[in-house]
Amino acid sequence: MGARRTNLALLIVLVAALATGGLAFGAGTGWGRPVLVAHGLAGLAVLVLAPWKSVVVRRGLARRSGAGRWASVAFGVLVLAAVAAGLAHTSGALAGLGPVSAMQVHVGAALAAIPLLAWHTAARGGARPRRTDLSRRALLRAGAVVGGTGLLLLAVEGATRLTGLPGARRRFTGSLPVAATLADPARIPVTQWLDDRVQALDPAPWRLRVRAGPTTREWTYDELDAFGDRVEAVLDCTGGWYARATWEGVRLDRLLPPGATGSVVVASATGYRRRLPLADAGTLLIATRLDGRPLSAGHGFPARLVAPGRRGFWWVKWVTAIELDPAPWWRQPPFPLT
Ligand code: HEM
Ligand code: HEM
């Protein structure tokens, strides 16, 4: 494959990997599976294309010196780190190092590579599509690359199963059983979204404020804890692990007035918030207990949201306010920004 087609193919698979990776993080129910297969193919195609790219790289390195050259090398290091951490996670061979999971390294490296990808593409160019890229021969060659990538994906999956590595027990989201991921003695690790911090809240003055239109009702910890609604749910963290547990508390729809409309905003003492469809209120839980015991501070004491079928970043901790709002639930960034 020539240099231009190699670069073009890399551009396509990297953009595809970033897009499907982002989608995979939104997946909480079954539709995530095909997205993750597509992601695996896009990511592994980088390795399949590597022999051709190495020719381009050698020529480029021989021609250049200075900062641009090192920026290209840094870009290469980040992409290879993302692929290596992706494989370490997917196989479960090295799912975490101390407090950091392979998935966190994976996404961190991939996000850091984005500006360098934009720069490398703009500065080096050499990937302009041509009409002949759709010729029979070119398409056959592209098909061979896709086929080779498919075989590589099957080989990774097969080796993971044969060796009995934890990756064989991944969910359809790609997450591993919790014990395989982090060296944390607790059954469920404590992780926060970006800059969120664990809160130590005193339950005596704490109130859950529920606002629906002109009416506001404040609930105490004991009142909520007394409901005793129970749900078994899988907490599936975008850090790459999942844990099934029993949560107790009160179903969210019980705290709302009848005939409510709009969406439900669940807000934390930290300012973190998520907006959810009102139609889900019957399956959402404001939990005060985990496996029969009051929540720990790290898990959201006095009360946290349990959102079955949604990834961990929806499970707002240290909840202090619930508000009905006329805006539709999707009017928010797909992922929290802080
Ligand atoms: C430079 C961009 C990226 C590359 C090259 C890449 C590559 C890979 C590779 C090679 C794997 C292992 C796949 C397998 O063997 O089945 C993987 C897994 C994964 N990646 Fe990425 N990735 C990228 C970006 C992202 C981003 C931005 C996210 C999320 C925001 C993400 C989320 C995941 C997840 C959840 C898995 C686990 C899939 C599974 O175990 O089935 N990736 N990635
Ligand atoms: C996995 C993704 C990629 C990696 C790791 C990578 C890495 C590199 C490296 C290390 C070099 C040699 C140093 C230099 O010339 O600056 C290089 C050269 C080059 N790359 Fe990439 N690159 C990637 C994708 C792309 C893409 C998507 C394009 C096109 C849009 C591209 C176009 C070029 C060109 C034109 C050269 C210069 C070749 C020459 O001067 O003979 N690369 N790349």
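Since we're looking at a predicted model, the values are computed, not measured. Atom set for the values below is all heavy atoms of this structure, side chains included, hydrogens, waters and symmetry mates excluded.
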Within 45° of the six-membered ring axis of Trp329 and under 6.0 Å from that ring's centre, is NZ or CZ of Arg331 located there?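 No, a cation-pi geometry is absent between Arg331 and Trp329.
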
Using the ring of each side chain (for Trp, its six-membered ring), is Phe335 parallel, tilted or perpendicular to Phe25, with breaks at 30° and 60°? perpendicular

Check the orientation of His106 and His39. Use parallel for under 30°, tilted for 30 to 60°, and perpendicular for over 60°. perpendicular

[X]/[Y] ion pair, N-O < 4.0 Å:
{"X": "Arg4", "Y": "Asp133", "answer": "yes"}
{"X": "Asp229", "Y": "Arg254", "answer": "yes"}
{"X": "Arg310", "Y": "Asp280", "answer": "yes"}

Could you grab the distance from atom [atom1] of [X] to atom [atom2] of [Y], nearest 0.5 Å is fine?
{"X": "Tyr242", "Y": "Thr173", "atom1": "OH", "atom2": "OG1", "result": "8.5 Å"}
{"X": "Leu252", "Y": "Leu276", "atom1": "CG", "atom2": "CG", "result": "8.0 Å"}
{"X": "Cys237", "Y": "Leu176", "atom1": "SG", "atom2": "CG", "result": "11.5 Å"}
{"X": "Thr261", "Y": "Leu278", "atom1": "OG1", "atom2": "CG", "result": "7.5 Å"}
{"X": "Arg5", "Y": "Arg130", "atom1": "CZ", "atom2": "CZ", "result": "8.0 Å"}

Using a 6.0 Å cut-off, check whether atom CH2 of Trp119 has over 12 heavy atoms from anything other than its own residue.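 Yes, because the 6.0 Å sphere around CH2 of Trp119 holds more than 12 heavy atoms from other groups.
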
Is the number of heavy atoms from other residues, nucleotides or ligands under 6.0 Å of Arg124 CZ greater than 12?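 Yes, because the 6.0 Å sphere around CZ of Arg124 holds more than 12 heavy atoms from other groups.
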
Is it true that Arg275 and Ser263 share a donor-acceptor pair across their side chains at a distance under 3.5 Å? yes

Looking at the rings of Phe301 and Tyr221, which for Trp means the six-membered one, are their centres under 6.0 Å apart?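 Under 6.0 Å, so yes.
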
May I ask you to check whether Trp206 and Trp318 place their ring centers less than 6.0 Å from one another?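 No, the ring of Trp206 stays outside the 6.0 Å limit from the ring of Trp318, centre to centre.
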
Cluster link Leu201 to Leu295, ILVMFWY, side chain under 4.5 Å: yes

Are Leu165 and Trp241 connected into the same hydrophobic cluster when the rule is that any two of I, L, V, M, F, W, Y join if their side-chain heavy atoms are below 4.5 Å apart?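 No, because Trp241 and Leu165 fall into different hydrophobic clusters, even though each may have its own neighbours under 4.5 Å.
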
For a 4.5 angstrom cut-off between non-hydrogen side-chain atoms, does [X] reach [Y]?
{"X": "Pro308", "Y": "Val231", "answer": "yes"}
{"X": "Val79", "Y": "Leu10", "answer": "no"}
{"X": "Thr90", "Y": "Arg170", "answer": "yes"}

Flag, side chain of [X] to backbone of [Y], donor-acceptor distance under 3.5 Å:
{"X": "Tyr272", "Y": "Asp195", "result": "no"}
{"X": "Arg311", "Y": "Ala24", "result": "yes"}
{"X": "Thr216", "Y": "Ala212", "result": "no"}
{"X": "Arg274", "Y": "Val265", "result": "no"}

side-chain hydrogen bond (donor to acceptor under 3.5 Å, both in side chains) partner of Lys317, chosen from His299, Gln199, Gln192: Gln192

